[in-house]
Amino acid sequence: MNIRTLLDQYFSTAFTKAALPEGSPTVIKPSSRPEFGQYQVNGIMGAAKKLKKNPREIAQTVIEQLDIDDIADKIEVAGPGFINIHLKAEWLSQQLEAARQSDQVGIAKSQQPMNIVVDYSGPNLAKEMHVGHLRSTIIGDAVVRTLELLGHHVIRQNHVGDWGTQFGMLIAHMVDQKTDNESDLSIKLADLESFYRDAKLRFDEDEAFAETARDYVVKLQSGDEQCKQLWQQFIDISLQHCEEVYEQLNVSLSRDDVKPESSYNDDLPNVIQALDEQGLLTESDGAKVVFLDELKAKDNKPFPVIVQKSDGGYLYATTDLAALRYRHKELAAKRAMYFVDARQNLHLTSVFLIAKKAGFVPDDMQLEHLAFGTMMGEDGKPFKTRTGGTVKLIDLLNEAEERAYALVAEKNPDLSDEEKKQIAHKVGIGAVKYVDLSKNRTSDYIFNWDTMLSFEGNTAPYLQYAYTRIHSIFKKADSYDEQATIQLNAAEERQLAVKILQCEEAIEQVAKDATPNTLCNYLYELAGNFMTFYEACPILKADDDIKNSRLKLAQLTADTLKLGLGLLGIETMEQM
């Protein structure tokens with residue numbers, strides 16, 4: 001139940017009946033304080049300014065045109081022209097009951113489900129995943145889970161880098177390693193980072209090796225079978241590394257979602273031909289270029305996008321255009337969401353423009369670059385190892401679990417070692433994900449172990465613990481009548497009820513704007529509202545009717561916390 005959408009329908013009708021200017025927005029927001037009701041309409045002042053009339057008088061006119069008695073028991077004008085809405089306790093109770101009976105805590109499916117492609121994670125298979133891949137991977141996955149909950153058909157696309165000159169270098173190194181010791185190769189490939197580093201060192205320092213590597217690039221791109229077999233062996237091992245990270249990180253990507261750069265190779269000449277037929281290509285110094293009037297270069301001339309080099313080679317722009325054609329024609333996507341580093345903004349903007357100018361995608365297809373900031377170390381610089389190297393993502397996750405294990409062992413030493421490990425996995429991984437997801441997507445943030453693993457404040461351990469505390473209440477309850485009516489007599493009960501019902505608003509916001517922090521903030525507020533309710537409204541010591549009512553509120557809170565954390569890819573547990 002999206003209460004805000006429902007209220008908007010009521011007030012939009014009243015605005016029309018009250019003869020407010022056409023298109024006047026209702027601007028409905030949750031009230032800042034309980035005494036002001038549950039929601040507030042703030043759109044009157046803008047309409048009054050246009051009409052040059054007293055906003056309080058207009059607000060009163062709107063109220064007179066309002067037919068909302070079925071859901072609200074008090075509507076009042078406040079301040080310079082706000083309208084406060086006090087929702088009926090009986091109506092709120094009915095909505096909570098409906099939420100209890102639904103499969104997903106009252107979250108409705110979209111009335112206009114779409115085919116949506118979500119491009120996220122996208123590691124380079126020449127190396128292991130590092131911390132720079134974290135944000136794309138977990139933000140994209142949270143949005144994917146949210147869209148699917150709302151009934152959209154989501155197609156995950158892991159656009160991994162598996163092509164280019166670096167693979168000639170790696171194949172050349174693999175050939176030498178196979179010659180020296182056949183069985184030792186797989187052991188060396190187990191640490192891709194070291195293997196890549198050794199190959200790069202040889203490439204930079206040994207001109208003969210570099211020339212051999214360049215020859216292998218040509219062979220690979222020409223379809224040489226031996227090269228393709230070595231390349232595929234390397235790709236398989238690389239993907240295995242990625243899958244281990246995804247599993248530990250509780251991310252829903254699988255091998256089936258991988259759509260690598262190489263899969264578009266055969267279509268690249270067709271992309272060039274189509275651009276030429278559309279009259280979009282210009283030859284410049286032997287290269288084929290699309291000049292975009294919509295974007296300006298430094299000299300204020302149309303921005304150049306090279307799609308084929310003078311030597312016949314293709315670029316990332318060419319591959320991305322082929323991917324867009326595929327996503328429109330083969331996947332029938334109406335919306336394409338790209339979770340890619342902010343530094344790629346100009347690149348993706350130009351690719352989106354070319355795709356629409358060339359007719360590769362229709363004008364009404366939504367193309368969105370959903371950029372994100374950088375994870376920073378406590379020194380305010382991009383997160384690195386103490387020696388200044390790149391931090392492997394698997395190492396970060398392992399350290400999170402180790403630190404969480406120490407905390408769990410300290411708080412609950414009586415648990416078995418296996419139980420401690422299971423809880424530490426959920427707490428540690430949840431902490432890493434939540435500290436990232438709870439930040440504004442476009443902002444940089446400082447990574448701090450102590451803050452993220454704290455059981456206080458807006459953290460995953462706090463929310464996971466809130467969930468376990470609610471479950472502990474049910475362990476103490478002698479009986480629980482699930483047929484009892486939910487009664488909302490106390491202000492704290494009504495406040496918690498409204499917060500539970502606001503879950504759909506938060507989820508729809510995530511789906512619209514790809515902002516998981518909206519959901520994080522909601523869950524933190526929900527947990528806070530529950531604690532306020534718990535302290536003010538005794539549960540187990542109350543009379544049976546009240547006890548059962550409050551237990552139902554507690555269960556709904558737990559269900560909502562579990563649903564929300566699940567959308568973030570964070571697991572809950574019944575004991576910590």
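Bear in mind that the values here come from a model prediction, so they are computed numbers and not experimental data.
Between the side chain of Ser110 and the main chain of Gln112, a donor-acceptor pair closer than 3.5 Å is present. A donor-acceptor pair is defined here as one N or O able to donate and one able to accept, closer than 3.5 Å; such a pair exists between the side chain of Ser93 and the backbone of Ile486.
Ala358 and Leu275 get closest at one heavy-atom pair: CB-CD2, 3.8 Å. When all heavy atoms of Leu370 and Arg441 are compared, the pair lying nearest together is C-NH1, 3.3 Å. The two atoms that bring Leu488 and Arg494 nearest to each other are O-NH1, 3.4 Å, heavy atoms only. Counting all heavy atoms, side chain and backbone alike, Lys88 lies closest to Asp70 at CD-O, 4.1 Å. Minimum interatomic distance between Ser31 and Gln40 (heavy atoms only, all atoms of both residues): OG-N, 3.7 Å. Closest of all the heavy-atom pairs between Met337 and Arg335 is CE-NH2, 3.4 Å.
By the 30° and 60° cut-offs, the orientation of the rings of His471 relative to Phe474 is tilted.
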(message) Applying side-chain hydrogen bond (donor to acceptor under 3.5 Å, both in side chains) to Asp545 and Gln487, what does each step give before you reach the verdict?
(response) CA-CA 9 Å; Asp545 286 349; Gln487 302 179 42; 4.8 Å; no

(request) May I have the step-by-step check of side-chain contact (heavy atoms from CB on, under 4.5 Å) for Ile570 and Asn250, ending in yes or no? (result) CA-CA 7 Å; Ile570 296 172; Asn250 191 25; over 6 Å; no

(message) As a quick check of understanding, evaluate ring-ring contact (aromatic ring centres under 6.0 Å, His included) for Phe352 and Tyr338, giving each step before the final call.
(response) CA-CA 11 Å; Phe352 293 166; Tyr338 288 68; 5.2 Å; yes

(request) Please lay out, stage by stage, how Glu493 and Asn489 fare under the test side-chain hydrogen bond (donor to acceptor under 3.5 Å, both in side chains). (result) CA-CA 7 Å; Glu493 291 172 314; Asn489 300 317; 4.9 Å; no

(request) Could you walk me through whether Glu525 and Asn521 pass the side-chain hydrogen bond (donor to acceptor under 3.5 Å, both in side chains) test, one step at a time? (result) CA-CA 6 Å; Glu525 291 171 3; Asn521 292 337; over 6 Å; no

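In this structure, Lys499 is not positioned above the aromatic face of Phe533 in the sense of NZ or CZ being under 6.0 Å from the six-membered ring centre and within 45° of the axis.
Residues Tyr316 and Gln344 fail the side-chain proximity criterion, which asks for heavy atoms closer than 4.5 Å. By the 4.5 Å heavy-atom criterion applied to side chains, Tyr445 and Met375 are counted as neighbours. At least one side-chain heavy atom of Gln104 sits less than 4.5 Å from a side-chain heavy atom of Leu149. Contact of the Lys439 side chain with the Asn517 side chain is not registered, since no non-hydrogen atoms from C-beta on lie closer than 4.5 Å. Residues Thr319 and His159 are in side-chain contact: their nearest non-hydrogen atoms beyond the backbone lie under 4.5 Å apart. Between Glu504 and Thr5 the shortest side-chain heavy-atom distance does not fall below 4.5 Å. With a 4.5 Å cut-off on side-chain heavy atoms, Leu463 and Tyr434 count as touching.
A side chain to side chain contact (heavy atoms under 4.5 Å, CB included) with Ile58 holds for exactly one of Ile44, Val77, Ile63; it is Ile44.
Atom OG1 of Thr515 and atom CG of Asn440 lie 8.0 Å apart (nearest 0.5 Å). To the nearest 0.5 Å, atom NZ of residue Lys17 and atom CZ of residue Phe11 are 12.5 Å apart. Expressed to the nearest 0.5 Å, how far NZ of Lys512 lies from CG of Leu150 amounts to 13.5 Å. Taken from CE in Met576 to CZ in Arg469, the straight-line distance is 12.0 Å, to the nearest 0.5 Å.
The 12-atom threshold is not exceeded at NZ of Lys49, counting heavy atoms of other residues, nucleotides or ligands nearer than 6.0 Å.
Using a 4.0 Å cut-off between a side-chain N of Lys or Arg and a carboxylate O of Asp or Glu, Arg145 and Glu148 do not qualify as a salt bridge.
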